[in-house]
Amino acid sequence: MKKNKLLLVDGNSIAFRAFFALYNSLERFKNKQGLHTNAIYAVNTMLENIVAEEQPTHILVAFDAGNTTFRHEYFEDYKAGREKTPSEFKEQMPYIRDLIDGLGMKHYELLNYEADDIIGTLAKQADPEEFDIVVLSGDKDLTQLVSDNVTVNVTVKGVSETEVYTPAHIKEKYGLTPQQIIDMKGLAGDQSDNIPGVTKIGEKTAIKLLTEYGTVENIYEHIDDMKKSKMKENLIKEKDIALLSKKLATINVEAPIDVSLDDLKYEGKNLDKLVPFYKEMNFNSFLDKLGTDGIELPAEDMAEVPYTLAEEITSDMFETDMSLYVEMLDDNYHTADVIGIAWGNQERIYVSEGSAVLENQLFQNWLADSSLTKKVFDFKRTYVALNRFGAAFNGAKFDILLAAYLLDTLGSNDDIGELASGFDYRDVDTDEAVYGKGVKKGVPADKAAFHSHLARKVKAIDVLYATLTAALEEKNQSELFYDIEFPLSKILADMEITGITVQASRLEEMKVEFAQRLHEIEQKVYEEAGETFNLNSPKQLGVILFEKMQLPVIKKTKTGYSTAVDVLEQLRDKAPIVDYILQYRQIAKIQSTYVEGLLKVIFPDGKVHTRYIQTLTQTGRLSSVDPNLQNIPIRLEEGRKIRQAFVPREKNWKIFSSDYSQIELRVLAHISDDEHLKEAFIAGQDIHASTAMRVFGIEHAEDVTPNIRRQAKAVNFGIVYGISDYGLSQNLGISRKEARTFIDTYFEKYPGVKKYMKDIVREAKDKGYVETLYHRRRYLPDINNRNFNLRSFAERTAINTPIQGSAADILKIAMLMIDKRLREENMQATMLLQVHDELVFEAPESEIETLQTIVEDVMENAVKLRVPLKADSSIGDTWYEAK
DNA sequence: GGTTTCACG
DNA sequence: ACGTACGTGAAACCG
């Protein structure tokens with residue numbers, strides 16, 4: 001019975017792999033001293049993964065030592081011709097050894113021997129009766145060691161995936177035994193090590209030869225039996241090279257090492273070394289993980305943040321330019337309990353438990369006084385919560401969360417602790433660390449810890465203010481923050497507080513009707529299937545359709561058969577059940593998500609109060625949650641009826657809606673400055689028809705059939721998304737080649753657009769980010785990735801984000817201006833919803849005409865582009881009628 | 001908690 | 001050759 005498992009790691013090769021695995025993030029992985037840390041970071045992950053997986057009892061990480069090895073004695077060009085190691089990599093090697101010390105692993109090197117030889121020697125020394133051996137390496141050289149007790153894991157991509165070589169795997173992959181790998185290299189060579197091999201013989205040929213003859217030596221024994229060929233000539237001519245190559249590729253299992261297996265016993269991490277090391281490297285996530293793994297960390301050296309428990313409120317507790325934090329544990333600030341409030345500056349901080357302080361007149365006065373400025377974290381959340389207590393909140397001058405989002409949408413984080421550490425401020429814990437998570441989330445029993453946490457948040461806000469304002473300035477984003485996003489957050493807060501009235505009675509009617517219809521369709525499905533099953537389960541449905549009923553499989557998902565709409569559409573004619581399923585799906589979606597979903601979130605005031613998330617999307621759009629009011633059905637009549645439940649809050653009021661026509665294509669026309677695209681908009685043409693005429697060479701507008709217009713529309717969409725022939729072909733159900741032709745013609749007809757795409761991708765590759773018209777920024781870390789998919793995705797994003805994001809900028813600006821106008825004109829009309837290119841209002845009927853004039857005027861003139869902007873409006877008694 | 005599906009712009 | 005349209009949120013299932 002084996003008790004031991006020995007892990008042998010090829011340190012150099014995995015470090016090298018690690019370096020390139022995170023090469024794209026090279027500049028993001030730097031510690032305070034400017035040391036690159038990407039390889040160190042990735043090595044840590046690789047080693048953690050393999051230890052967790054293999055649970056070794058003994059570990060050795062072997063390194064190469066010296067520039068020459070015994071192999072150079074035979075062949076002076078060994079490993080010649082390699083590109084020289086990047087200095088960013090070299091500088092990390094010493095620290096990787098420190099990391100290994102910290103992880104409690106032994107490392108070893110031997111002058112003039114390679115890591116491979118050390119590993120080979122140890123693998124041979126370990127008694128197979130006593131040890132299982134796992135080797136981890138970044139290249140395949142070591143696979144020759146594979147045997148019944150030796151497994152070799154080779155990293156394939158990234159940091160987490162490895163290919164596991166066992167004798168069976170080698171057999172399957174090459175049809176060879178592990179020992180024959182050496183012979184294969186003898187014949188085919190190895191470019192990375194500059195092992196020459198025989199001319200014109202590659203892996204494939206080598207395998208064929210070895211399958212027949214077994215070894216290199218045996219090939220030469222029987223060389224005379226081979227029939228005449230170029231290959232045979234090469235083999236004869238280069239016999240010396242073949243034998244030398246084999247020798248070079250052979251791992252020395254007799255290296256004079258002076259470590260014994262007993263020295264390699266693994267006893268866990270050496271925290272006294274590891275913790276300071278992680279800190280030096282700025283590896284906060286690994287530090288956090290040590291904490292959550294229940295490992296006791298050496299006392300955190302968080303600075304003390306003194307505070308006063310504000311039991312009695314006095315006027316001297318307030319002054320201008322303080323920071324304020326209102327604590328709620330639940331996300332939904334429309335309903336969450338306020339469990340504590342803290343305010344202050346870097347000199348003094350006050351903490352008050354619960355929400356009682358909100359009733360205090362002095363506190364309310366401070367909040368309401370616009371001349372006394374306050375900095376906050378998440379203004380909208382704070383404002384809405386205070387509003388519930390009747391507390392007016394004026395004088396807000398900065399929002400840390402919002403600013404951090406603008407600076408880098410990728411790292412945006414709604415936890416102060418995590419956000420702060422992203423800006424190298426460490427004196428505040430994460431909420432998860434203090435309150436826990438899931439069902440156990442709550443105020444800690446240690447009240448002092450709770451109070452201290454609130455005080456720390458206030459201090460963090462105060463300290464980060466300087467950092468973030470400077471960063472906004474540096475990135476030319478101060479206007480975006482102060483003139484657009486920050487003022488918008490107040491408008492959004494008011495919209496959320498106002499809410500929109502939803503008639504529960506209408507939804508209840510629909511619920512009964514849909515329930516009836518669902519039941520009927522369900523019965524038909526079961527009848528066709530010959531059995532009952534869970535129609536909501538794609539898995540069970542797949543079994544019925546593709547196994548029981550033997551319908552053709554069109555598409556597969558990761559886990560089984562796809563039953564998505566586009567698949568079912570194609571199966572419609574094959575069996576009547578398919579159509580029933582489509583009907584069921586459609587109604588079930590409306591019933592569960594919209595009818596039942598909305599009923600659940602109607603407040604006692606008869607309204608739904610969504611939350612717009614202003615700091616989430618990568619493009620600058622808003623998102624809407626609880627409920628999401630940005631995806632209420634409209635395309636299909638069945639679903640559209642949901643909008644009948646959205647009504648004005650007063651009798652004799654109307655719903656008014658105005659949306660931008662083709663804003664994204666207009667933005668594209670503007671930023672690309674394409675003559676023809678601009679011309680079409682300036683002439684007020686139907687843009688899809690216009691595209692159709694140019695792309696399909698149609699002379700007269702009346703010859704554009706609806707179908708051709710539909711195709712042109714799809715092309716226009718594709719352009720905005722960063723077109724690919726495949727995507728377009730899927731969308732239109734045409735061949736890839738046809739799609740390619742459409743795209744090529746489009747670019748020919750709209751050269752400005754083509755140039756924009758080329759330029760923006762180039763710019764993204766150079767700068768690492770793209771920008772909107774108002775300097776909203778999106779970083780694209782994968783834009784130079786060597787992985788085709790990741791890189792292509794980043795390229796499409798580079799094209800799309802300035803378009804989608806600038807459109808978002810424009811609607812936000814329009815919202816600010818409309819809000820201002822409505823105030824100036826003392827209108828009762830109220831802005832209720834924003835749906836990306838649409839604004840929804842409620843207003844007394846008497847105001848509608850004025851409202852329409854104002855809204856359209858503002859939307860169309862919010863910004864000046866090289867093409868006109870167009871807004872279309874509609875009015876109705878419900879949102880349904882306002883179409 | 002991940003996956004699939006489907007609603008919107 | 002690669003395997004794709006851009007941006008979201010919610011419900012349901014399932015391990």
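Chain A is the first sequence line, chain B the second, and so forth, proteins listed ahead of strands; every chain is numbered from 1. For clarity, every value in this text was computed on a predicted model and none was experimentally measured.
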Before accepting this row, confirm whether a basic side-chain N of the pair Lys524(A)/Glu528(A) lies closer than 4.0 Å to the acidic partner's carboxylate O. no

May I ask you to decide whether Arg776(A) forms a salt bridge with Glu771(A), counting only side-chain N to carboxylate O separations under 4.0 Å? no

Closest to the [X] side chain: [options]?
{"X": "Lys589(A)", "options": "dG7(C), dG9(B), dA10(C)", "answer": "dA10(C)"}
{"X": "Arg796(A)", "options": "dA12(C), dT4(B), dC6(C)", "answer": "dC6(C)"}
{"X": "Lys539(A)", "options": "dC2(C), dG15(C), dT5(B)", "answer": "dG15(C)"}
{"X": "Asn800(A)", "options": "dT4(B), dA12(C), dG7(C)", "answer": "dG7(C)"}
{"X": "Pro633(A)", "options": "dT8(C), dC8(B), dA5(C)", "answer": "dC8(B)"}
{"X": "Lys600(A)", "options": "dG9(B), dA5(C), dA11(C)", "answer": "dA11(C)"}
{"X": "Ser623(A)", "options": "dT5(B), dT8(C), dT3(B)", "answer": "dT8(C)"}
{"X": "Arg736(A)", "options": "dG7(C), dG9(C), dT4(C)", "answer": "dT4(C)"}

Residue whose nearest DNA chain C nucleotide is more 5′ - His836(A) or Ser792(A): Ser792(A)

Taking only the C1' atom of each, what is the distance from dG3(C) to dC8(B) in whole angstrom? 26 Å

Pairwise P distance for dT4(B) and dT4(C), with rounding to whole Å: 12 Å

Could you verify whether a donor N or O on one side chain and an acceptor N or O on the other, from Ser735(A) and Glu738(A), lie under 3.5 Å apart? yes

Tell me yes or no: between the side chains of Glu838(A) and Gln834(A), is some donor less than 3.5 Å from an acceptor? no

Integer-rounded Å distance: [N] [atom2] and [X] [atom1]:
{"X": "Arg611(A)", "N": "dG9(C)", "atom1": "CZ", "atom2": "P", "result": "11 Å"}
{"X": "Asp837(A)", "N": "dC6(C)", "atom1": "CG", "atom2": "C1'", "result": "14 Å"}
{"X": "Asn789(A)", "N": "dA1(C)", "atom1": "CG", "atom2": "C1'", "result": "11 Å"}

Mind telling me whether His334(A) and Phe603(A) have parallel, tilted or perpendicular rings, with 30° and 60° as the class edges? perpendicular

Counting only side-chain nitrogens and oxygens, does Gln630(A) get under 4.0 Å of the OP1 or OP2 atom of dG7(C)? no

